[in-house]
J.: 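Below is the structure I would like to discuss, written out as structure tokens.
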Amino acid sequence: MKVPYSWIKEFVDIEEDPNIVAERLNETGLETTVEKFGEYIPNLITVRITSVKKHPEKDKLFVCEATDGQKTYQIITGADNVKENQVVILAKEGAVIKGQEIKPVKFGSFESEGMFLSLEELGLEDESEGILLLGEDAPIGVDASKLLNLGEDYIFEVEITPNRGDALSVKGLAREIAAIFNKKRKEINPNVSIGKEKNPQISVETEKVNRYRGIVIENVEVKDSPFEIKLKLIKSGQKPINNVVDITNYILLQEGQPLHAFDLDKIEGQIHVRNAKEGEVFVALDGNEYNLKETDIVIADDKKVLALGGIIGGENSKVDENTKHVLLEAAHFEPSAIRKTAKRLGINTESSYRFERGVDIESLPLAQDKAVELIEKIASGKPVGEKEIYQNVYTPKTIKLREKTTKRVLGENIPKEEACEILNRLEIPTQEVEDGTVSQIPAFRAYDLQREIDLVEEVGRLKGLNNLEETYPAVPTLSYEKPEWYMFEQKTRQFFLDNGLNEVLTYTFVGEEIYNKLGLTPPNLRIVNYILKSQSVMRDNLTVSLIDVLKENLRHQTKDVAVFEISSAFFDDLEEIRAGILVSGKIIDGYRYTKEKTTFSTDLQWDFLKVKGLLLSYLASLGFKDAELQSADLPFLNRYESADIFIDGKNVGFFGKVHPKKAEELKIPKNTYVGELKLKPVSRELQPLEKEDYLFTLYKRRKTPAFQPLPKFPPVKRDLAFEVPEDFEVGKLIHEIKNSCKFAKKVKLFDVYYLGNGKKSVAVSVEFNADDRNLSDEEVNSIVEELIKELEERLDVKLRT
Amino acid sequence: MELKKELEALKGDYEKKFEEINNLQELQKLKAELLGKKGKITQVLKNLKNVPPEERKEIGKLANQIKQFFEDLIKAKEQSIKDKLLEEELKKSQIDITLPPFWIEAGAPHVVKETLKEITDIFVTMGFSVAEGPEVEREEYNFDMLNIPKDHPARDMQDTFFINKEGYVLRTHTSPVQIRTMLTKKPPIAIVAPGRVYRKDADPTHSPMFHQIEGLFVDENVTFKDLKGILKKFLETVFGENISIRLRPSYFPFTEPSVEVDIGCTVCGGEGCRVCKSTGWLEILGAGMVDPNVFEAVGIDTEKYTGFAFGLGIERIAMLKYRIPDIRLLFTNDLRFNTQFKGI
């Protein structure tokens, strides 16, 4: 909201520097900036246009004559809103407009002795249509910069928080400034007498309109507004339209009370203020057609809807230059009803904006009377009748503010005398009582001030919250809970960072396309009002996003990509926090050095075993030493190079190589590996989920390791080579050796080679150890013999000799 | 006394010879020549029997001394030659220490995640616990119970993403974690809630997904001055002891009184610049005393307890701290950007 300082000064005697006023407004809760209203420009003069003719040689140009009362100027202009009798601003020779000095210029055979100015050229608007018309009553032959107060007046731009509807007007701001600077606010009472001969017929048929007052004004002369009104509207960033409409806007800005003027001759029968009928159609002043619902409020006559109550007027009853008689409406609508309708229809007007935030129901007649007075004065209308329905009469709420509450909340003792003084300054009638103060809440703060705490805030903000001396509380020990998940998450992050993966941060919403490309069904959970379709699906895995990260980096020729992210996957009933990884290209891009003093570049590429190593090493770092892998079957992975990860029989994740066909479709390198680990379920209910197939759940349940005595006797090592079928899993052999022989403490694979007959040789080195004695050679021999027998029986293996 | 002379001559002679030797073979040869079975000293000692008994003892002693002298000399010589050889060998295989390393290079943390951690850690060290909640959140927790009723303009303060799950939205702030915490725990409560939040907004300073951290402190006798103290300590920890702080009264539906907290511009130091829009101040967080309506919604006695809450956007802090001009850079995951923040 833009408010000229000069307008505020009409309501409060204040001479402070506008910058100080703005600063104090900020300090007390209204976010305010202040700017000079334009800059003084020399050589501007007001002139009256005396004739307008089309330029005989140049299309689209007009040859005008204008007078400053003494001298006549010939001006050529392209503005098509030039009009005889209008006072306009002329930049004479020597004036500098937007950096250009004005000089006499010839357009064809006509010379222009200057230039008529628009708001844009005055530096008051970003873009203007046509020149600025000051009206017919503006003085001529005067310094136009002075007349407009260019460089003299200041404009406050105030951003109002939703609770401060009361400050959405010149009056409201003046009230706030008066309170801050401890001044008295002035009220200027209108002098009107409204006749009774033509009282309108109005009935209010809905509970959602608290007060409604209509005044019939006859014989209005709809024309341009006088200069004084125009100037205030312009300073406030509004466009003048015609005197009647301008007056309603003027009063809205000044008093904060939205008004609406209907063309009385277009009303058929009486006025009904009612709920809309389901499906009723209404064409608004913005030219749009709206389909109404029962929750909307309309102003209607016997036949049709005239206005969408509190929001926007209708095309069918609008005031224009042919209007003779008007019905001037002032009303008070229920804020939530206005918001519901405005929000649904997507309309935001000055009127709806104010009604949503609460308008002062009690000063409605005052504001309306001020409008009537102006219409009488400048549109020569006669008020000949009125009708008011005030069905929900405002009764001021009484709120007590205890001294101890202020102390309890702010930590500062504010004596009741001071609180009382502050509240009265804010025009909240307040009296001292034994343990505090009692206030009667005026209607202009009805929505904001409803409880004791609201008054604590009023007293606090006026006293200055910034000035309160800080105290340093001790955090209560009793509230402490070890941040286990946070620590687990950080541990996970640190592991992947330390192991060379870069952390990324992706949007949790994706498009359907990536799902289709990966051969996955897109999830159900969607954003309804998405910004981009490609950001509308709530992902149910991290891979869909990590592939995007790879593609983004390939675009920049970054081919070695190793990244991870800890983030959410979404499901109908829960969310999962996962750790996702993607690796592609080289794992190390360095040099190797050998004894022979040769150095050579090496391409250590990511492969299945390295990814397996990374993930199992992570799991081991959490104490999970016996993770098991099983072949995975995911549509986007090469099923011969992918695995599901199990801990204690629970599937906690997967990893593997992207399927070559998918890689080709996605235009990513073939040796790209992805993996995801399920870290933690997040419940949408209040109870936490303790599902078992998540690492954090298993981590919390894992046993504290107990000390195992170190072996007292040295191990005896034996190498064994077996012939096995080519597709035999080495892990099975290692597992079985440990399983079938209690002395086999360590088994290490040291060689695999293919024999060519569908067989391969697998060589392992086994360390045998007894807890209680030295194993003799003979003893080991018989242990090994036993072991081999067992293995050959259970597995498809044969000892190679 | 001839033998004695002979021995002394030998000593002088061979000392010189040994000095000139610089390889192990020659050293062995010379050693044999002097001390071997047929060596010169051995010869001398053989002739000892021809020496008169009164001299024998003296010469024998001398001979042994010389023998010992050379044995020590040879040992030392041998060591020094070996050392020299090793040194030569090492030198031959000298490595070029400027070669690129062969190791996995540690990854870079994401600047937002790291800032989030830094901030969370400050509060954790102060004694706050960490709480979390879902991102697809009940409307009730995200709005209604936070004193943001339907059909109230306060809902416009945050443009909401709606999803196709009745009664749920993408949470627009981390504040619903306050509600979840207060519904499940009794005061005293001291938590922070870091996490992702969503708003329908996208431009150089707004991202549809971003991060916040929320703080909540509820106990008997918690005051606004305590809030000021905690925030001051926190901001000084992040931005340095000399940072200036300003509280401006503002409005949030779930706190009252509410304030916006500004810090003196970290770019221009308060002089006024593009970053602070010439105001000298940067809006950094929102805070206030928990509104009694919120306490009532979760069943906490408003006459017994008071509390404060605060919330801040992580991206904004990271952008200010690391002078990142456009929020979108944080989400492109161009590793040329991400890896700039290694070691922060």
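What you are looking at is a predicted structure, and each value in this text was computed from that prediction instead of being measured. Below, read A as the first sequence line, B as the second, and so on, with proteins coming before strands; counting in each chain starts at 1.
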J.: Indicate yes or no: at least one non-hydrogen side-chain atom of A/Gln490 is less than 4.5 angstrom from one of B/Asp121.
T.: no
J.: Go through it in stages, so that I can follow the logic: the residues are B/Lys225 and A/Glu412, the test is salt bridge (charged side-chain N to carboxylate O under 4.0 Å, His left out), and I'd like the CA-CA distance, side-chain angles, deciding distance and then a yes or no.
T.: CA-CA 8 Å; B/Lys225 286 170 139 189; A/Glu412 175 91 353; 2.7 Å; yes
J.: Heavy-atom distance under 4.5 Å to chain B: side chain of A/Lys482, backbone, both or neither?
T.: neither
J.: Could you check A/Leu465 against B/Phe224 for side-chain contact (heavy atoms from CB on, under 4.5 Å), going step by step and ending with a plain yes or no?
T.: CA-CA 9 Å; A/Leu465 293 172; B/Phe224 184 85; 3.9 Å; yes
J.: Chain B heavy atoms under 4.5 Å from A/Ile527: which part of the residue, side chain, backbone, both or neither?
T.: both
J.: Among B/Val124, B/Val218, B/Leu170, B/Val169, which residue forms the greatest number of heavy-atom pairs with chain A at distances under 4.5 Å?
T.: B/Leu170
J.: Set out, in order, the CA-CA distance, both residues' side-chain angles and the distance that settles side-chain contact (heavy atoms from CB on, under 4.5 Å) for A/Glu27 and B/Arg248, then state yes or no.
T.: CA-CA 5 Å; A/Glu27 284 167 10; B/Arg248 277 183 294 114; 5.8 Å; no
J.: Under 4.5 Å between any side-chain heavy atoms of A/Phe509 and B/Tyr198, yes or no?
T.: yes
J.: Shorter than 4.5 Å, heavy atoms on both sides: which option in A/Thr506, A/Val561, A/Leu574, A/Asp498 has the most such pairs with chain B?
T.: A/Thr506
J.: Can you see which heavy atom on B/Phe102 is nearest to which on A/Leu604, and at what distance?
T.: CZ-CD2, 4.1 Å
J.: Quick one: list whatever passes side-chain hydrogen bond (donor to acceptor under 3.5 Å, both in side chains) with A/Glu35, sequence neighbours left out.
T.: none
J.: Has A/Asn553 got a side-chain atom pairing as donor or acceptor with B/Asp334's backbone, closer than 3.5 angstrom?
T.: no
J.: Report yes or no: does A/Asn466 contribute a side-chain atom to a donor-acceptor pair with the main-chain N or O of B/Leu247 at less than 3.5 Å?
T.: yes
J.: Check this for me: does any side-chain nitrogen of one of A/Arg493 and B/Glu114 sit under 4.0 Å from a carboxylate oxygen of the other?
T.: yes
J.: Ignoring hydrogens, what is the shortest heavy-atom contact between B/Met209 and A/Thr508? Give both atom names and the distance.
T.: SD-N, 3.5 Å
J.: So A/Val409 and B/Thr223, do their side chains get closer than 4.5 Å, heavy atoms only?
T.: no
J.: State, yes or no, whether a side-chain contact exists between B/Lys185 and A/Glu481 at a heavy-atom distance under 4.5 Å.
T.: yes
J.: Show your reasoning for whether side-chain contact (heavy atoms from CB on, under 4.5 Å) applies to A/Arg451 and B/Asp291.
T.: CA-CA 10 Å; A/Arg451 304 160 303 164; B/Asp291 193 290; 2.5 Å; yes
J.: Could you check which of B/Ile179, B/Val130, B/Ile245, B/Val136 has the highest count of heavy-atom pairs closer than 4.5 Å to chain A?
T.: B/Val136
J.: Do the side chains of B/Glu256 and A/Asp454 get nearer than 4.5 Å, heavy atoms only?
T.: yes
J.: Report the distance from atom CD of A/Glu575 to atom CD of B/Glu132, rounding to the nearest 0.5 Å.
T.: 11.5 Å
J.: Distance from A/Arg526 atom CZ to B/Lys165 atom NZ, nearest 0.5 Å?
T.: 15.0 Å
J.: Which of the residues A/Pro688, A/Ser683, A/Gly460 is involved in the greatest number of heavy-atom pairs with chain B at under 4.5 angstrom?
T.: A/Ser683
J.: Is it true that A/Arg684 and B/Glu137 have a side-chain N and a carboxylate O under 4.0 angstrom from each other?
T.: no
J.: Are any of the side-chain heavy atoms of B/Lys200 and A/Asn529 separated by less than 4.5 Å?
T.: yes
J.: Nearest 0.5 angstrom please: B/Thr332 OG1 to A/His556 NE2, how far?
T.: 6.5 Å
J.: Regarding B/Lys233 and A/Glu470, does a basic nitrogen lie under 4.0 Å from an acidic carboxylate oxygen?
T.: no
J.: For the candidates A/Tyr353, A/Trp485, A/Phe496, which exhibits the highest count of non-hydrogen atom pairs separated by less than 4.5 Å from chain B?
T.: A/Trp485
J.: Step through the shown structure and confirm whether more than 12 heavy atoms of other residues, nucleotides or ligands are within 6.0 Å of NZ on B/Lys277.
T.: no
J.: Any sub-3.5 Å donor-acceptor pair from B/Lys113's side-chain atoms to A/Ile566's backbone N or O?
T.: yes
J.: What option among A/Ile338, A/Asp572, A/Val504, A/Leu501 has the most heavy-atom pairs under 4.5 Å with chain B?
T.: A/Val504
J.: Within this structure, what is the NZ-CG distance for the pair B/Lys228 and A/Asn467, rounded to the nearest 0.5 Å?
T.: 7.0 Å
J.: Over all heavy atoms of both residues, which pair between B/Phe217 and A/Pro476 is shortest? Give the atoms and the distance, please.
T.: CZ-CD, 3.5 Å
J.: Which answer fits A/Phe570, side chain, backbone, both or neither, if we ask what part of it has an atom under 4.5 Å from a heavy atom of chain B?
T.: side chain
J.: Tell me the closest heavy-atom pair linking A/Leu410 and B/Pro257, and the distance in Å.
T.: CD2-CG, 3.8 Å
J.: Hey, are the side chains of A/Leu686 and B/Tyr141 touching, using non-hydrogen atoms and a 4.5 Å cut-off?
T.: yes
J.: For B/Arg138, is there an ion pair with A/Glu685 - N to carboxylate O distance below 4.0 angstrom?
T.: yes
J.: Under 3.5 Å, is there a donor-acceptor pair linking the side chains of A/Asn26 and B/Arg246?
T.: no
J.: If I measure from the heavy atoms of chain B, does A/Lys343 come under 4.5 Å with its side chain, its backbone, both, or neither?
T.: side chain
J.: Is the backbone of A/Glu503 close enough, under 3.5 Å, to the side chain of B/Asn338 for a donor and an acceptor to pair up by distance?
T.: yes
J.: Tell me which of these, B/His211, B/Lys232, B/Met289, B/Glu260, has more heavy-atom pairs under 4.5 Å with chain A than the rest.
T.: B/Lys232
J.: Under a plain distance cut-off of 3.5 Å, with no hydrogens placed, do A/Tyr486 and B/Ser129 share a side-chain donor-acceptor pair?
T.: no
J.: Got a salt bridge between B/Glu303 and A/Arg402, using NZ or NE/NH1/NH2 to carboxylate O under 4.0 Å?
T.: yes
J.: Calculate, to the nearest 0.5 Å, the distance between atoms CG and CZ belonging to A/Asn502 and B/Phe341 respectively.
T.: 12.5 Å
J.: Looking at every heavy atom in both B/Gly133 and A/Val682, which two are closest together, and how far apart are they?
T.: C-CG1, 3.9 Å
J.: Using the test side-chain hydrogen bond (donor to acceptor under 3.5 Å, both in side chains), find all partners of A/Ser567 that sit at least two apart in sequence or belong to another chain.
T.: A/Arg539, B/Arg196
J.: More than 12 non-hydrogen atoms from neighbouring residues, nucleotides or ligands closer than 6.0 Å to CG on B/Asn221, yes or no?
T.: no
J.: Please examine the side chains of B/Ile189 and A/Ser479, heavy atoms only from C-beta on, and report whether any two atoms are closer than 4.5 Å.
T.: no
J.: Given that the side chain runs from C-beta out, which part of A/Ala474 has a heavy atom under 4.5 Å from chain B: side chain, backbone, both or neither?
T.: backbone
J.: Considering all heavy atoms of both residues, which atom of B/Pro249 and which atom of A/Thr28 are nearest to each other, and what is their separation?
T.: CG-C, 3.6 Å
J.: Would the B/Phe161 and A/Tyr530 ring centres measure less than 6.0 Å apart?
T.: no
J.: Output the distance between atom OG1 (A/Thr558) and atom CG (B/Leu335), rounded to the nearest 0.5 Å.
T.: 6.0 Å
J.: Whether the side chain of B/Asn164 engages the backbone of A/Asn524 through a donor-acceptor N/O pair (distance < 3.5 Å, no angle test) should be reported.
T.: yes
J.: Quick one: which of A/Ala337, A/Ser336, A/Pro473, A/Gly29 has the most heavy-atom pairs under 4.5 Å with chain B, could you say?
T.: A/Pro473
